[in-house]
Amino acid sequence: MSTHFPFTAVVGQQDLQLALLLNSVAPNIGGVLVRGEKGTAKSTAVRALSALLPGVDVVSGCRFSCDPASPDPACPDGPHEAGTGVSRDARMVELPVGASEDRLVGALDIERALAEGVKAFEPGLLADAHRGILYVDEVNLLHDHLVDLLLDAAAMGASYVEREGVSVRHAARFLLVGTMNPEEGELRPQLLDRFGLTVEVAASRETDQRVEVVRRRLAYDDDPAAFAAGWADEEDALRARIVAARALLPEVRLGDAALRQIAATCAAFEVDGMRADIVMARTATALAAWAGRTDVLAEDVRQAALLALPHRRRRNPFDAPGLDEDKLDDTLEQNRGEDEDPDPDGPGGGGRPPRGDGPDTPPQPEGEAGDTPAPSVPEQGQEQGQGQSSGGGEQQPVRAGEPFRTKMLSVPGLGEGAAGRRSRARTEHGRTTGARRPQGALTKLHLAATVQAAAPHQRARGRSGRGLVVRRDDLRQAAREGREGNLVLFVVDASGSMAARQRMAAVKGAVLSLLLDAYQRRDKVGLITFRGKDAEVALPPTSSVDAAAARLELLPTGGRTPVAAGLLKAHEVLRVERLRDPSRRPLLVVVTDGRATGGPDPVALATRAARLHEAEGIASVVVDCESGPVRLGLAGSLAHDLGGSAVTLDELRADSIAGLVKDVQETNRRAA
């Protein structure tokens, strides 16, 4: 049996520990979302929490963990008589990102259900997690259809499996804990709101603390059992404190003054709906119980806001999460009740506790939510000494123009890529377009096709009653069509000929608009820039459009125009991505004036590079940024070599790149 790293041995993640402990005291808070860079003990802390949770009483032999004091009357293993059950440890169930729908919600034996009328049901992970923890590592990479199932279960406290009239329901109430690295993409707003609390974590920059992290990890790796034994007393003390806080929780009083502060705070930060108010109230109550108090103080409300609101406040997709703490303090002060002690360090213990290294100290660590410094555009006149092109002077980055709403961009044909909201694709979800023989386990039965396949054989199979005799060979899988996400690869000309401020601002505004569209449609995006003598991958293909927007904002310009280098770099990136994810189809968006310069015969080199993309059938569009009274039409020639079409920069505002790309693809389809 494996020994988890002790919860109390985690160094320097007080907010993370506090959020997990509050949910263990009051599971109705709704779980925790942990956001942060890799290697910050996110998964370690979550896995260690399960060892601290009190055990649960369950009905003996029930696969759905029914409470013997009040068993679920609709339990598939029931009905159960109320009485004494057996005690077991609380479970922590991990949901893999690549799990199937059947693995999550369970599976019905469709063949037995049709032929025998028997509800043979194999429970899934939602049943295993009932009355425990459901942990999703890299939750932002979870497929949309699994997210939908999680949303339904979290909202109703139950899981439903229904197929062609056969239905099974069971209770599914669990503590939802997710971890994610924002660099790999954001989470859908609907699922984001289902997490009660959110915590931003980052590695410490203090040398002593980093040394202690390494020391403890090496000791644990050398002898996990001995290391865990050395922390047994701290673990037992924390476990006892959880039990005591749970017992005290019903006695905690949430006064009108605290409620007014909660409501005013949620209104001040313009959160949608009322879930934030409810979660804040539950969190503040749990904080008071954790501190051993029966009254909720202003400090509890403040800490609850820092945990419950950052992911709920209204913000643009590329804004960093977090709260303005000065605004928070002002709001709390303006709505302070007359009966509260104005001195936060006075009697009552409402002041912020001193910083520490364990779960007993709940204040913010260094690097609170939203404090991670974001790249900023250099001030006017600041030197850009890094990465200067040998082909010409480097100019200051220009801010992007205002983004605008884009039309639907789609790649022609029928793909089989990851679930998304853009191009047509064969998927497990969507409208039914036909039937086929199942390959592997049957997941979506096409009832009419199954009956049609079985009907001619009924006499030969000796059918004598009303039931249909169904064999495995008769079963038909429903073929469905939905939407997929694509890889939108931007190849942006950053040469001196593009450096005119008004032109570059418009170009960046158009690309930013497409990034917003990609965020909403769950695409992957990549950014390549070319200038001077070469091209570079400014951002490898990623699901994090936030990162793409930041790189776009800092894009410098200057130097010659190596168009061929940009296209060859794009060809290499797409080749590697095809190996990594062969089902995700790409769309190439080249933003340039087409004036290839530098090196021998640069135009011929660009033509040969473009025809590599045309030969592989990559959908593409060229945004012609040429301006002035004399136009050479080089971007149009480049688009022809790519097998796509060109649009002028002046047309971007009128229709947007996305809508024009769709028209380009329609033109290509008709020509083919």
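Panel note: side chain Thr44, backbone Ala41; no donor-acceptor pair is recorded below 3.5 Å. A donor-acceptor pair under 3.5 Å is absent between the side-chain atoms of Arg282 and the main chain of Met280, judged by distance alone. Distance alone, capped at 3.5 Å, is enough to place a donor-acceptor pair between the Asp324 side chain and the Asp326 backbone. Looking at Glu122, its side chain never comes within 3.5 Å of a backbone N or O of Gly106 through a donor-acceptor pair. Under the 3.5 Å distance criterion, the side-chain polar atoms of Arg253 are left unmatched by any main-chain donor or acceptor of Thr285. A distance-only check finds no donor-acceptor pair linking the side chain of Lys42 to the backbone of Asn181 [under 3.5 Å]. Between the His4 side chain and the Ala45 main chain, no donor and acceptor come within less than 3.5 Å of each other. Asn335 places a side-chain N or O within 3.5 Å of a backbone atom of Thr331 that can act as its donor or acceptor partner. With hydrogens and angles disregarded, a donor-acceptor distance shorter than 3.5 Å links the side chain of Arg239 to the backbone of Ala51. Distance alone, capped at 3.5 Å, is enough to place a donor-acceptor pair between the Arg216 side chain and the Ala9 backbone.
Defined by atom type and a distance below 3.5 Å, a donor-acceptor pair is missing between the side-chain atoms of Arg246 and Ser24. Inspection of the Tyr135 and Ser50 side chains reveals no N or O donor paired with an N or O acceptor under 3.5 Å. Between the side chains of Thr8 and Glu235, at least one donor-acceptor pair of N or O atoms lies under 3.5 Å. Of the N and O atoms on the side chains of Gln209 and Ser204, at least one donor lies less than 3.5 Å from an acceptor on the other residue.
Counting only heavy atoms from C-beta outward, the side chains of Asp128 and Arg91 approach each other to under 4.5 Å.
Within a 6.0 Å radius of CG in Asp329, other residues, nucleotides and ligands contribute more than 12 heavy atoms. Around atom CZ of Arg260, no more than 12 heavy atoms belonging to other residues, nucleotides or ligands sit under 6.0 Å away.
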_Checking Asp15 against Val201 for the side chain to side chain contact (heavy atoms under 4.5 Å, CB included) test, could you report, in this order, the C-alpha distance in whole Å, the side-chain angles of both residues, the deciding distance, and whether it holds?_
CA-CA 8 Å; Asp15 274 5; Val201 296; over 6 Å; no
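Below 30°, between 30° and 60°, or above 60°: for Phe227 and Tyr220 the angle between ring planes is above 60°, a perpendicular geometry.
Between Arg194 and Asp152, none of the side-chain N atoms (NZ, or NE/NH1/NH2) sits under 4.0 Å from a carboxylate O, so this pair counts as no salt bridge. Between Arg88 and Asp57 there is no salt bridge, since no side-chain nitrogen of the basic residue lies less than 4.0 Å from a carboxylate oxygen of the acidic one. The pair Asp272-Arg312 fails the salt-bridge criterion, with no side-chain N (NZ, NE, NH1 or NH2) lying under 4.0 Å from an Asp/Glu carboxylate O.
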